[in-house]
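The figures that follow rest on heavy atoms only: side chains count, while hydrogens, waters and symmetry mates do not.
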Amino acid sequence: MADDLGIGDLSPTNPDCKIDTPNLQTMADQGITFLDAHSSSAVCTPTRYGVITGRYNWRSRLAKGVLSGTSEHLIPADRPTVAHLLRSAGYHTQMIGKWHLGWDWQKSSEGKKGAIDFSRPVKNGPDINGFDGYYGHCGSLDMPPYVWVDTGKCTAIPVREEGVTRSQDAYGWYRKGPISPDFDVPQVLPHLFDKAVTHINERAADAKAGNPFFLYLPLPAPHTPIVPLPPFEGASGINPYADFVMQVDHHMGDLLAAIKKAGIDDNTLVFFTSDNGCSPQANFDVLKEHGHDPSAGYRGHKADIYEGGHRVPMIARWPNGIRPGQTTDATCCLTDLYSTLRELTQQPAEDLGGEDSYSLVPVFNGAASTGRETLISHSIGGSFSIRKGDWKLCLSAGSGGWSDPREPAAKKQNLPPMQLFNLKQDRSEQHNLIDQNPDKVKELLEQLATEVHQGRSTPGNPVDNDRQITFLPAGVTMP
C-alpha cells in the first residue's frame with residue numbers, strides 16, 4: 001500500500017498519466033485493475049484501520065484526523081483483524097513498513113517529561129493485532145521519532161535529533177525529532193523493500209510445503225519526505241514527486257521478481273493500492289505544467305470528501321486465481337480485503353470483523369459486482385459522504401478537507417450544507433443537484449443512518465460502534 005499516491009499517478013488507472021510506471025502496468029496486464037476502488041478515508045491512519053479490520057474507520061474512537069508518531073495504539077487486541085483471520089487459517093503473518101496506527105512507547109522516568117525510553121520494549125504494536133512479527137516505524141516518515149522497531153524492540157537508540165525544514169527542501173522536509181543511527185531517511189523506501197524481499201525468501205520454502213504467509217507492506221512513499229534516489233532523481237523530467245513514484249514502481253518490479261524467483265509466483269495473490277489520494281505536497285502546479293493530473297479528472301485530493309480524496313488505484317495479481325488483463329468498474333473499498341481473504345481461506349463470517357467488507361472474489365471470477373451497493377467515505381475533518389450507484393451525497397458544504405472551498409470558507413459563502421452529485425454525468429463533482437432531487441437526498445440520508453446505527457454495512461446482526469456517531473452537518477436534520 002503506497003502512501004499518498006493518486007489514482008492518476010499510474011498508467012493502469014490513468015491513460016493520460018505522464019509518469020512512467022512500467023512494472024505496475026505489467027502487474028495490471030497480468031491481473032485485474034479496479035477503476036472504482038476507494039480508501040475508507042481520505043487520509044492515512046483511518047484508511048489503515050479499515051484495511052486491517054475490514055471496518056469503516058469512523059466507527060472507532062478516531063473521529064477525524066490522523067495519529068502522530070507518538071500516539072497510543074488505536075486497534076484494541078480483541079478487535080478481529082485480517083492478520084488474526086489469516087493466522088487462524090495457518091498463515092504466518094508479518095508487517096513491514098509504516099504502521100501509523102499507534103503503539104505504546106514507554107516513557108522515561110528521568111529527564112524531559114514525557115520523553116520516550118527507547119531502551120524499553122514497545123507495547124501494543126502490530127503483534128497484538130494478529131501479526132507474528134513486525135518491522136517498521138510508527139508514524140509517517142515526516143513524523144518523529146525516526147526509529148526502527150522490530151517486534152517490540154528498537155533496533156538502535158537515538159543519540160541525536162534531525163529534521164529538514166520546508167524552506168530547506170520543499171519536497172524533502174520532515175519534522176525535527178529523535179533519530180537512530182541506523183535510520184537513514186532517503187534509504188527508508190529501498191530498505192523496506194529489501195526487508196520484504198528477504199522475508200519472502202525466508203518464507204518461500206515453507207509456503208511451498210503448505211505453510212503459507214501473509215505480508216502487509218505499507219510503504220512510506222510517495223508521501224513526504226519526497227526523497228528519490230539516483231537513478232530516479234530527475235528521471236521523470238517533471239519533479240521529485242514524479243521521480244519518487246517511478247522509484248516506487250521500480251521497487252514493485254523487484255518485489256514481483258523476487259516472488260517469481262522464489263518459486264511461489266503462481267499461487268501468490270498480490271494487491272497494490274494507496275491509502276488515499278495525492279497530497280498537495282506533490283506540487284500540483286508543476287505536475288499540471290507537464291500535463292499530469294494525479295486525480296485523473298476527479299475533483300479534490302488527499303483529505304477531501306470529493307473523489308480525488310479517496311478514489312485510489314488498486315491492482316490485484318494472482319496467476320492461479322485471476323484471469324489476466326481484466327479491468328472492472330465494480331465499486332470496492334479497501335475494507336474489502338478482509339472478506340476477500342476470509343472467503344479464500346474458507347472461514348465463516350462472524351458478527352465482529354469485516355463489518356464493512358465485501359469479498360472481491362466474484363469480481364476476480366468475472367462478476368460485474370461484489371454485491372456492495374453503497375460506499376461511505378470520510379474526510380480528514382470528519383465529513384461523511386454516501387454513494388449508491390451513480391449518486392453521491394456529501395454531508396459537507398465544501399471539500400471537508402484541504403481543497404477549496406474548505407469548510408469555514410464554504411460556510412461564509414453560504415453554500416448549501418450538503419452536496420448531491422451524479423458521478424456518471426458529472427465525474428468532476430461540479431453541479432450540486434441537492435435542490436432538484438429531494439427524494440434522492442432523503443433516500444441516501446436514511447441509508448446512511450441505517451448503516452451508521454447498525455454498526456455494519458454488510459448483512460448480519462447489528463453490532464456496536466466504539467463511540468456515538470453524528471454525521472449530519474450543523475443545522476441539518478433528518479427528513
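Using cut-offs of 30° and 60° for the angle between ring planes, the Trp148 and His137 rings count as perpendicular. Ring planes of Phe131 and Phe214: parallel class, angle under 30° (limits at 30 and 60°). Using cut-offs of 30° and 60° on the angle between ring planes, the pair His301 and Trp402 is tilted. Ring pair His251/Phe232 is tilted by interplanar angle, where 30° to 60° counts as tilted.
Under 4.0 Å is where a charged nitrogen must lie from a carboxylate oxygen, and between Arg311 and Glu429 no such pair does. The existence of a salt bridge linking Asp293 and Lys288 is excluded, since no basic side-chain nitrogen approaches an acidic carboxylate oxygen closer than 4.0 Å. A salt bridge between Asp390 and Arg427 is absent, with no side-chain N of the basic residue lying under 4.0 Å from a carboxylate O of the acidic one. Salt bridge Asp142/Arg175: present, at least one basic N to carboxylate O contact under 4.0 Å.
In this structure, His292 and Phe284 have side chains that are not in contact, with every pair of non-hydrogen atoms separated by 4.5 Å or more. Between Asn201 and Val197 there is a side-chain heavy-atom pair separated by less than 4.5 Å. Contact annotation: the side chain of Leu101 approaches that of Ile52 to within less than 4.5 Å [non-hydrogen atoms, C-beta and beyond]. Two residues are said to be in side-chain contact when any heavy atoms from C-beta on lie closer than 4.5 Å; Gln106 and Val122 fail this criterion. Between Leu337 and Ser357 the shortest side-chain heavy-atom distance does not fall below 4.5 Å. Between Ser274 and Asp4, every side-chain heavy-atom pair lies at or beyond the 4.5 Å cut-off. A heavy-atom distance below 4.5 Å is found between the side chains of Leu86 and Leu341. Using a 4.5 Å heavy-atom threshold, the side chains of Leu445 and Leu395 count as touching.
A distance-only check finds a donor-acceptor pair linking the side chain of Ser279 to the backbone of Gln281 [under 3.5 Å]. Under the 3.5 Å distance criterion, the side-chain polar atoms of Asn23 are matched with a main-chain donor or acceptor of Asp249. Here the side chain of Asn465 pairs no donor or acceptor atom with the backbone of Arg467 at under 3.5 angstrom. A donor-acceptor distance shorter than 3.5 angstrom exists from the side chain of Glu407 to the backbone of Ala397, with no hydrogens or angles considered. Within the 3.5 Å criterion, the main-chain N or O of Lys107 finds a donor-acceptor partner in the side chain of Arg120. Using modelled atom types, no side-chain atom of Asp304 and backbone atom of Ala42 make a donor-acceptor pair closer than 3.5 Å. Ser41 places a side-chain N or O within donor-acceptor distance of the main-chain N or O of Val43, the cut-off being under 3.5 Å. Trp105 places a side-chain N or O within donor-acceptor distance of the main-chain N or O of Gly69, the cut-off being under 3.5 Å. Not one N or O on the side chain of Ser399 forms a donor-acceptor pair closer than 3.5 Å with the backbone of Asp404. The backbone N or O of Asp275 sits less than 3.5 Å from a side-chain atom of Thr47, completing a donor-acceptor pair.
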query: Yes or no on side chain to side chain donor-acceptor pair (under 3.5 Å) for Asp356 and Thr335, after CA distance, side-chain angles and deciding distance?
result: CA-CA 6 Å; Asp356 301 298; Thr335 55; over 6 Å; no
I'd like to know whether Tyr134 forms a ring-ring contact (aromatic ring centres under 6.0 Å, His included) with Trp103, so could you lay out the CA-CA distance, the side-chain angles of the two residues, the decisive distance to 0.1 Å, and finally the verdict. CA-CA 12 Å; Tyr134 68 93; Trp103 57 48; 5.6 Å; yes
task: May I have the step-by-step check of side chain to side chain donor-acceptor pair (under 3.5 Å) for Asp36 and Thr331, ending in yes or no?
output: CA-CA 5 Å; Asp36 194 6; Thr331 303; 2.7 Å; yes
Exercise. Carefully, step by step, assess Trp318 and Thr268 under the rule side chain to side chain contact (heavy atoms under 4.5 Å, CB included).
Key: CA-CA 6 Å; Trp318 176 21; Thr268 297; 6.0 Å; no
Working for side chain to side chain donor-acceptor pair (under 3.5 Å), residues Thr155 and Asp150: CA-CA 7 Å; Thr155 60; Asp150 189 346; over 6 Å; no
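Between Phe471 and Trp58, the distance from one ring center to the other does not fall under 6.0 angstrom. Note: Tyr174 and His223 fail the aromatic proximity criterion, with ring centroids not under 6.0 Å apart. In summary, the aromatic rings of Phe244 and Tyr171 are positioned with their centroids too far apart to meet the 6.0 Å limit. Checked against a 6.0 Å centroid threshold, the rings of His199 and His92 count as neighbours. A distance of 6.0 Å or more separates the ring centres of His378 and Tyr56. In this structure, the ring of Phe421 has its center no less than 6.0 angstrom from the ring center of His431.
Separating the CD1 atom in Ile128 from the NE2 atom in His84 is a distance of 8.0 Å, to the nearest 0.5 Å. Interatomic distance, CG of Asn129 versus NE2 of His73, reported as 7.5 Å (0.5 Å rounding).
Checking each of Leu219, Leu334, Leu217 against Met1 for a side-chain contact (heavy atoms from CB on, under 4.5 Å) leaves exactly one that passes, namely Leu334. Of the candidates Ser383, Pro473, Cys394, Pro473 is the only one forming a side-chain contact (heavy atoms from CB on, under 4.5 Å) with Met418. Applying the side-chain contact (heavy atoms from CB on, under 4.5 Å) test between Ser140 and each of Ser68, Pro225, Cys44, Pro220 identifies Cys44 as the sole match.
Other residues, nucleotides and ligands place no more than 12 heavy atoms under 6.0 Å from the NZ atom of Lys64. Taking a 6.0 Å sphere around CD of Glu72, one finds it holds 12 or fewer heavy atoms contributed by other residues, nucleotides or ligands.
For Arg203 and Phe213, the positive end is not near the middle of the six-membered ring at less than 6.0 Å and at most 45° from its axis. For the pair Arg55 and Tyr49, the cation-pi test (distance below 6.0 Å, angle within 45°) is failed.
Checked by atom type, the side-chain pair Ser40/Asn57 shows a donor-acceptor distance below 3.5 Å.
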